[in-house]
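Since the structure comes first, as structure tokens, the remarks are kept for the end.
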Amino acid sequence: MPENTEKIEKDKRKIKSVKKMKEIMTLYYIDAKTAAENNKKVAWITSGGPVEPLIAMDIIPVYPENHGAMIGASKMGVDLCEKAEAMGYASDLCSYARSDISCATVNGGPIGGLPKPDMLICGNNICGTVLKWYEIQARYFNVPLFIFDTPFCHTEYYEEMRRYVRSQVDEYIEFLEKVTGKKLDRNRMEEVGRLSVAGQRMWQAVLDTTVNKPAPMSAFDAFFHLALIVTLRGTQTAVDYYQELLDEMNERVKDGIGAVPNERYRLLWDNLPIWYRTKWLSEKFAAHDACLVADTYTSAWCGSLRYMDENDFLNSMAEGYTRIYLNIGVDEMARLVCDMVDKYDVDGLVIHSNRSCKPYSLGQYDIQRIVEEKKGIPSLMIEADMCDERMFSESQIETRIEAFIEMLTHRNRR
Amino acid sequence: MQDILRDMADVVRDPFAYGRKLKADTGKKVVGYVCTYAPEEIILAAGAHPLRLFGTTGTIERADAHLQSYCCSLVRGVLEEGLKGGTDFLDGMVFPHTCDSIQRLSDLWRMNVTQGFHVDAVLPVKLDTQSACQYMIDVLHRFKNDLERELECSITDENLSKAIRLMNEIRRLLRRIYEIRSDQPGLMTGDSLYTLVKATMIMDRERVREVLQKAVEKMEAAKSDTPAKRLLMAGGICNQPQIHDMIEAAGGAVIWDDFCTGSRYFETLVSLDKDPVTAIAERFLQRAVCPAKHAGLRNRAEDLLRMAHERKAKGVIFLYLKFCDPHAFDYPYLKAALDQEGIPSLLLEVEDPLPAEGQLQTRFEAFLEML
């Protein structure tokens, strides 16, 4: 293909909204970094934490995990992880946690560190690691910590769990009122709740566009566009942005533009991205006409929509935040993966066995087996880490991807 | 005393043989558990026998098909025994919620080990609020109902009170043994002490009470003035009794601990003046925490320092299982707290089985020499 045509071809596939997204995120981080000057409070919060009351109280939420992803994507993870190890943290610990803990002491990383928190909000619906991580930061910054404790739902969500989490919603609001010295405006809270649900619906709609063939975007795009539903959930900005992105995706569907030029294999990704290798992986798969059309990770931010009631947000968020993808049993996770295989008409499963994330990764062998059995599709397991590049063995992974694609090709011929 | 220790060592060497025999002899139902947040009193009050699993001493053949390399050897060992049928005499298992790995172990056990019933006790992670206390009580009530259903029995308050008294007595006796030995470390080797603690979690508890009572009497009558450098040990569980031999050979002795197979098991008694389930819940909220739980930001360091001062420890050995996240996260802050008070510490990350003996021995020697 002549160089010119190649560029036109490439431009055609570029998602135009990316620019807007970058602008929004830049503004968001400027806002956060200048919070103190503007008399605004900053709360550090976990990615699955209940952010809506913060938004309703004009507290700026900052996400160490999003920061971790940025550190990973800018390949600064190894350096920061090593610094944490020098502080005494074992190299087996979560690389987001390691990066963030050491980053706080040196203001390093791609944005020169996060703004200092006035408070910490830890939702343990994603893991037990965040509890320890936030304890460490609460000691380091000497600021109050609120733990939003969401009991694990191995098989069920019991009535006593609902009562416990619901009472914590009230305790949470009391905590915020005490730290800020302000009362929560209930009308504003209702509005933020509605916007949160609207944003989640819109995000789900964006992800759903990949049921089309070819898929207008890939999981690698979703990893990028995810940032807003994590950081600005509950704002009009997020709703508007995803509306725009949805329009663009629908347009692409109409025009038959796929994320991968000659989409031949449709794959499903499991676990967090390998942030420092998203481009490499994306190109590797695309070179074989394989598109990762969906993933279990980005859909987690709209996966518990069915439990949320936009007109009764505070009551329903207890259940919504407790029954998220990572806070349920392995068998239930396998069921959801099978559903996704059907929904997105997937030919194969790509599993990232992520050393950093035990609740996400332990159980993957069983999920792999169940999906292979029930859906009759092959799978590939990649052993790596989301942020710590030392755990990534390029040649080994390359070989495995090629073997996997060969298997897909072989099955396709049959 | 030697007889007692020999019997207990046999039990610890092959807990499953003991469990099988107990079941055959008494007809009791046996309920397995994996950590000290299992409400033993409720199991006892159901007329059943609580038996703790400590992993495996055998090789791993089946568990690797379910768990990646970065999972701790305790979880891997427990699953291995479940999969290969070592635990097939168990009538059921209870999994209290603690760390991410045990949480997934519960799922994997439920999905792959079909023998016996499976109960989760999804305890709160946060232990220092009113609503967490209420939730803890609710969880224990659910656990009691689950056991009644699975074991087809009725758990009366009277039986609960009886079980509470029995467990309190066992806790008191273990504490007494620790105290006597803390004064005269030469009276019992560390290996024997931890054999006693582990056997307590395996053997018939009435029998345990008798045996511990006897051990206390013998120890109170004995004398030893063998000098030793006094050490604290902190961590999760200890499956490596050889470690104590090495420490003792280097001139040290572990005279107290912050261990799940140690003081966290016996410290804090259950109140007898309350509704029994509430009283059991309150003990879980008040006892020294596993780092997977939260009861404050500095309480673990404070506890460790208090322990070191009370027991006149010269140094602390952190004995952690590799891949145990909650402990590994707490290490830098605990070490810093010790440093501040001028108490030296040594970190050992171990896995079953232990590395070559010489390597560890040298580290202990170097550490003890420094004290």
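Per chain, numbering begins at 1; letters A, B, ... match sequence-line order.
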Determine the minimum heavy-atom distance between Gly296(B) and Glu135(A), stating which atoms define it. O-OE2, 4.4 Å

Say you draw a straight line from CG of Asp120(B) to OG1 of Thr155(A); how long is it, rounded to the nearest 0.5 Å? 6.5 Å

Max heavy-atom pairs within cutoff under 4.5 Å with chain B, candidates Gln368(A), Arg98(A), Met87(A), Gln168(A), goes to Gln168(A)

Answer yes or no: does atom CD of Glu159(A) have more than 12 heavy-atom neighbours from other residues, nucleotides or ligands under 6.0 Å? yes

Criterion side chain to side chain contact (heavy atoms under 4.5 Å, CB included) on Asp325(B) and Cys94(A), from CA distance to verdict: CA-CA 8 Å; Asp325(B) 293 350; Cys94(A) 163; over 6 Å; no

Quick one: which of Gly363(A), Cys153(A), Ser353(A) has the most heavy-atom pairs under 4.5 Å with chain B, could you say? Ser353(A)

Under 4.5 Å from a heavy atom of chain A, the part of Lys335(B) involved: neither

For Ala292(B), is it the side chain, the backbone, both, or neither that has a heavy atom closer than 4.5 Å to a heavy atom of chain A? backbone

Would you confirm whether Lys132(A), through its side chain, and Phe329(B), through its main-chain N or O, come within 3.5 Å as a donor-acceptor pair? no

Does anything in residues 70-84 of chain B get under 4.5 Å of chain A by heavy atoms, and if so which residues? Tyr70(B), Cys71(B)

Calculate, to the nearest 0.5 Å, the distance between atoms CZ and CD belonging to Arg355(A) and Gln68(B) respectively. 10.0 Å

With only heavy atoms counted, which part of Ile136(A) is less than 4.5 Å from chain B, the side chain, the backbone, both or neither? side chain

Just by distance, do the side chain of Arg104(B) and the backbone of Lys358(A) share a donor-acceptor pair under 3.5 Å? no

Using heavy-atom distances under 4.5 Å, tell me whether Tyr333(B) contacts chain A through its side chain, its backbone, both, or neither. side chain

Would the distance check show the side chain of Asp100(B) and the main-chain N or O of Gly128(A) forming a donor-acceptor pair, the cut-off being under 3.5 Å? yes

When rounded to the nearest 0.5 angstrom, what distance separates NZ in Lys126(B) from SG in Cys122(A)? 9.5 Å

Most contact-rich option vs chain A, by heavy-atom pairs under 4.5 angstrom, among Gln130(B), Lys293(B), Arg298(B), is Arg298(B)

For chain B, find which of Met381(A), Met161(A), Glu383(A) contributes the most heavy-atom pairs closer than 4.5 angstrom. Met161(A)

Hey, which of Thr150(A), Asp92(A), Leu131(A), Thr129(A) has the most heavy atom pairs under 4.5 Å with chain B? Asp92(A)

Which bit of Asp366(A) comes within less than 4.5 Å of chain B, counting heavy atoms only: side chain, backbone, both or neither? side chain

Could you tell me which of Asn354(A), Asn124(A), Ile370(A), Ile101(A) has the largest number of non-hydrogen atom pairs under 4.5 Å with chain B? Asn354(A)

Separation between CG of Asp107(B) and CE of Met333(A), rounded to the nearest 0.5 Å: 8.5 Å

State the CG-CG distance between Leu145(A) and Leu297(B), to the nearest 0.5 angstrom. 6.0 Å

Non-hydrogen atoms of chain B under 4.5 Å away: do they reach the side chain of Glu332(A), the backbone, both or neither? neither

Cut-off 4.5 Å, heavy atoms of chain A, and the answer for Glu349(B) is side chain

Test item: Asp149(A) side-chain N/O and Val125(B) main-chain N/O as donor-acceptor pair under 3.5 Å: yes

Chain A shares the most heavy-atom pairs under 4.5 Å, among Phe323(B), Phe95(B), Tyr320(B), Tyr331(B), with Phe323(B)

Report the distance from atom CZ of Phe152(A) to atom NE2 of His97(B), rounding to the nearest 0.5 Å. 6.0 Å

So which heavy atom on Ser167(A) is nearest to which on Ser131(B), and how close? OG-CB, 3.3 Å

Which atoms of Ile367(A) approach chain B - backbone, side chain, both or neither, heavy atom under 4.5 Å: neither

Between Ala336(B) and chain A, with a heavy-atom cut-off of 4.5 Å, which part of the residue counts as in contact: side chain, backbone, both or neither? neither

Where along residues 134-149 of chain B does a heavy atom come under 4.5 Å of chain A, listed by residue number? Tyr135(B), Asp138(B), Arg142(B)

Tell me the closest heavy-atom pair linking Gln103(B) and His154(A), and the distance in Å. O-CE1, 3.1 Å

Nearest heavy atoms of Ala328(B) and Tyr89(A), plus distance in Å: O-CD2, 4.3 Å

If you count every heavy atom of other residues, nucleotides or ligands that lies below 6.0 Å from Arg166(A) atom CZ, does the total exceed 12? yes

Pick whichever of Arg139(A), Glu160(A), Glu171(A) has the most heavy-atom pairs under 4.5 Å with chain B. Arg139(A)

Answer with side chain, backbone, both or neither: which region of Asp128(B) has an atom nearer than 4.5 Å to a non-hydrogen atom of chain A? neither

